Peer 1: 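Before I ask anything, let me first share the structure, which is written out below as structure tokens.
These numbers were taken from a predicted model, which means no experiment stands behind them.
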Amino acid sequence: MRYTADEVFDYIKEEDVRFIRLSFCDITGKQKNISIQPGELKRAFRDGIAFDASAIRGFGDTVGSDLFLVPDPATLSVLPWRPSHGKVVRMFSEIRRPDGTPFERDSRLILRRAVERAKKAGITVSIGTEYEFYLFLTDENGAPTHTPFDRAGYMDVAPADKGENVRREICLTLIEMGMQPERSHHEEGPGQNEIDCRYCDALTAADNAVNFVNVVRMSAERNGLWADFSPKPLANESGNGMHINLSVTSRDGVDYLPSFMAGILARIREMTAILNPTEASYARLGVMKAPKYITWSSGNRSQLVRVPAATGEYRRMELRSPDPEANPYLAFALLIHAGLDGIEQKMTLPTPIDCDLYRAPSEVTEGLDTLPASLSEAIDLARESAFIQSILPGYPFV
């Protein structure tokens, strides 16, 4: 349900809500929040709640550091793990300057602008994510270890799969918060799990992605475990990906997905620093089904982009390079802008590579473009990219 401000006030009164969290993300996508009492909500909607932006990564220095959080009522959600009496709810917030103008490094703002550009072009982009994560044991002090919760493999079942009950708890919590998990299963690595969320509009998908990470970590902690979303938690095991599924519909009924894909493939090297923002990201790429080459194919999981065997509303492209450390708002914004460039410039797809690139002979792979091999290479490409700078001017690659 998408609430209005008046409905939020009614909900808070009727449901015994005592705390309201105003959430936002720093430039890396890490969730932050301020908790206010119900009596402050009217002021929050009208004027915003001030915070010290100099303490938030990527938001600036101590000079002119006051920014304000203005909650988005449509994002109201109860936090199920908090008490049922004296409930806690959360709303994502817009970030504004003291004069009321939008703060240019607000990740949600950057994504909203991409969505608005698509809307003006008569294009709707829907997005669904596939998150992978490891569950590790904790020590006697509750600190995380690198000992996997189980030794199960891909799609194994209990008792080998010990994460089954944790995944069930995660999915039920997501449903209670208004999200729609589609599938969950054990992944290839020991203690590795995957949960896929149903596609929705881009802004909601990004909000859901931030919620998802929070829910998984809370559920893991309640079970005495540690959820690790880093790209390569174990050196000799599968890495964690955040596969992004994108579908494109148009007002005029034209199939723009091929041109949209072509635009993404054309910009992917420039975007990789945002999609894969840590040193560990590059230990994952090119290993154990994580892509290395800038290629596409239908249904082929060795490719950077695959087009799954689906029709109608489920027809989509799957981008397999991003990892869970990416800021979903910025990732989705860049992908939408790149895809729209592809549509506007009538780009065409290169020839598909219909083979297993992990076993392909050198005469097949030697002429193929590759993703950046390191974070430093990716950052250099992004800094030199007019495309990136037009969307993320002055982005702090630190």
Side-chain angles (χ1 to χ4, degrees), residues 114 118 121-132 154 182-183 185 187 194-202 205 209 241-269 271-272 275-276 285-286 288-323 326 328 331-360 364-365 367-371:
I123 302 292
T124 299
V125 180
S126 299
I127 296 178
T129 54
E130 303 174 14
Y131 265 99
E132 296 170 336
Y154 186 64
E182 281 193 326
R183 298 177 300 173
H185 59 85
E187 255 297 339
E194 178 178 319
I195 298 178
D196 304 343
C197 290
R198 183 174 174 80
Y199 69 87
C200 54
D201 69 273
M242 179 185 69
H243 299 167
I244 301 175
N245 292 272
L246 302 103
S247 63
V248 180
T249 56
S250 65
R251 193 164 47 217
D252 58 14
V254 174
D255 179 11
Y256 289 113
L257 185 61
S259 294
F260 192 87
M261 289 169 55
I264 288 174
L265 290 172
R267 299 292 193 189
I268 192 66
R269 280 172 54 81
M271 295 190 286
T272 297
L275 304 178
N276 305 94
L285 293 176
M288 297 181 180
K289 295 185 180 179
K292 172 182 177 181
Y293 300 101
I294 301 175
T295 58
W296 77 280
S297 183
S298 297
N300 187 330
R301 284 179 167 80
S302 71
Q303 310 290 328
L304 171 65
V305 172
R306 77 181 187 103
V307 180
T311 58
E313 64 176 311
Y314 296 101
R315 185 167 183 269
R316 65 193 188 277
M317 60 163 284
E318 178 189 15
L319 182 67
R320 298 176 59 80
S321 60
D323 65 59
F332 298 170
L334 290 174
L335 292 171
I336 291 171
H337 280 297
L340 292 174
D341 284 353
I343 292 172
E344 291 174 2
Q345 298 171 29
K346 297 181 171 56
M347 293 185 187
T348 57
L349 282 169
T351 302
I353 305 295
D354 295 317
C355 69
D356 183 350
L357 288 173
Y358 299 110
R359 299 180 180 179
V364 173
T365 60
L368 299 175
D369 288 335
T370 63
L371 296 171

Peer 1: Arg315: which residues meet the side chain to side chain contact (heavy atoms under 4.5 Å, CB included) condition with it, sequence neighbours left out?
Peer 2: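 Side chain to side chain contact (heavy atoms under 4.5 Å, CB included) check on Arg315 returns Asp255, Leu257.
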Peer 1: To the closest 0.5 Å, what do you measure between CG (Leu246) and OG (Ser126)?
Peer 2: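 Answer for the CG-OG pair, Leu246 versus Ser126, is 9.0 Å.
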Peer 1: Would you say Ser259's side chain and Met347's backbone share a donor-acceptor pair under 3.5 angstrom?
Peer 2: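 Present.
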Peer 1: Of all residues at least two apart in sequence or in a different chain, which pass the side chain to side chain donor-acceptor pair (under 3.5 Å) check with Thr295?
Peer 2: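 Only Gln303 meet the side chain to side chain donor-acceptor pair (under 3.5 Å) criterion with Thr295.
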Peer 1: Check step by step if side chain to side chain contact (heavy atoms under 4.5 Å, CB included) holds for Lys292 and Leu285.
Peer 2: CA-CA 6 Å; Lys292 172 182 177 181; Leu285 293 176; 5.9 Å; no
Peer 1: Less than 4.5 Å apart, any side-chain heavy atom of Leu371 and any of Ile294?
Peer 2: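 Side chain of Leu371 against side chain of Ile294, heavy atoms only: contact under 4.5 Å found.
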Peer 1: Considering all heavy atoms of both residues, which atom of Ile268 and which atom of Leu265 are nearest to each other, and what is their separation?
Peer 2: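 Heavy atoms only, the tightest pair is CG2-O, 3.4 Å.
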Peer 1: Any heavy-atom pair between the side chains of Phe332 and Ile244 that's under 4.5 Å?
Peer 2: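 A side-chain contact under 4.5 Å exists here.
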Peer 1: Looking at OH of Tyr199 and CG of Asn245, how far apart are the two atoms once the value is rounded to the nearest 0.5 Å?
Peer 2: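 One gets 11.5 Å once the value is rounded to the nearest 0.5 Å.
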Peer 1: Are Leu304 and Leu319 close enough that some pair of their side-chain heavy atoms sits under 4.5 Å apart?
Peer 2: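 Side chain of Leu304 against side chain of Leu319, heavy atoms only: contact under 4.5 Å found.
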Peer 1: So which heavy atom on Tyr131 is nearest to which on Asp196, and how close?
Peer 2: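 Scanning both residues, the minimum pair turns out to be N-OD1, 4.4 Å.
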Peer 1: Of all heavy-atom pairs between Met242 and Ala326, which one has the smallest distance, and what is that distance?
Peer 2: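 Shortest heavy-atom separation between Met242 and Ala326 comes out as CE-CB, 4.1 Å.
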Peer 1: Spell out, as yes or no, whether a donor-acceptor pair under 3.5 Å connects the side chain of Glu318 to the backbone of Arg306.
Peer 2: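 Absent.
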Peer 1: Using atom types as modelled, flag every donor-acceptor pair under 3.5 Å from a side chain in residues 349-358 to any protein atom, sequence neighbours excluded.
Peer 2:
from	atom 1	to	atom 2	distance (Å)
Asp354	OD1	Ser297	OG	2.4
Asp356	OD1	Tyr358	N	2.9
Tyr358	OH	Lys289	O	3.0
Tyr358	OH	Ala290	N	3.0
Tyr358	OH	Ala290	O	2.6

Peer 1: To the nearest 0.5 Å, tell me how far Glu344 CD sits from Phe260 CZ.
Peer 2: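 Between Glu344 CD and Phe260 CZ, I get 11.5 Å after rounding to 0.5 Å.
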Peer 1: For Arg316, enumerate each residue passing the salt bridge (charged side-chain N to carboxylate O under 4.0 Å, His left out) test, keeping only those at least two apart in sequence or located in another chain.
Peer 2: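 Here no residue qualifies.
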Peer 1: Taking salt bridge (charged side-chain N to carboxylate O under 4.0 Å, His left out) as the test, write out the residues that go with Glu130, two or more places apart.
Peer 2: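 By the salt bridge (charged side-chain N to carboxylate O under 4.0 Å, His left out) rule, Glu130 matches no residue at all.
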Peer 1: Kindly give the heavy-atom pair with the smallest separation between Ala202 and Ile127, and that separation in Å.
Peer 2: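 For Ala202 and Ile127, the tightest heavy-atom pair comes out as CB-CD1, 3.9 Å.
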Peer 1: Got Val307 and Met261 here, is their nearest side-chain heavy-atom distance under 4.5 Å?
Peer 2: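 Result yes, sub-4.5 Å side-chain heavy-atom pair found.
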Peer 1: Which atom pair, heavy atoms only, marks the closest approach of Arg251 to Ala121?
Peer 2: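 Closest heavy-atom pair between Arg251 and Ala121: NH2-C, 4.0 Å.
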Peer 1: How close do Met271 and Ile264 get, counting heavy atoms only, and between which atoms?
Peer 2: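 Nearest heavy atoms, Met271 then Ile264: CE-O, 3.9 Å.
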Peer 1: Can you name the residues that form a side chain to side chain donor-acceptor pair (under 3.5 Å) with Gln345, not counting sequence neighbours?
Peer 2: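 Gln345 satisfies side chain to side chain donor-acceptor pair (under 3.5 Å) with no residue once adjacent residues are dropped.
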Peer 1: Look up atom CG in Leu340 and atom CD1 in Ile123, then write down how far apart they are to the nearest 0.5 Å.
Peer 2: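 Result: 7.0 Å between the selected atoms.
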Peer 1: Which value, rounded to the nearest 0.5 Å, describes the distance between Ile195 atom CD1 and Glu182 atom CD?
Peer 2: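 With rounding to 0.5 Å, CD1 (Ile195) is 12.5 Å from CD (Glu182).
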Peer 1: Output the distance between atom OG (Ser321) and atom NE2 (His243), rounded to the nearest 0.5 Å.
Peer 2: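 If we round to the nearest 0.5 Å, Ser321:OG and His243:NE2 are 8.5 Å apart.
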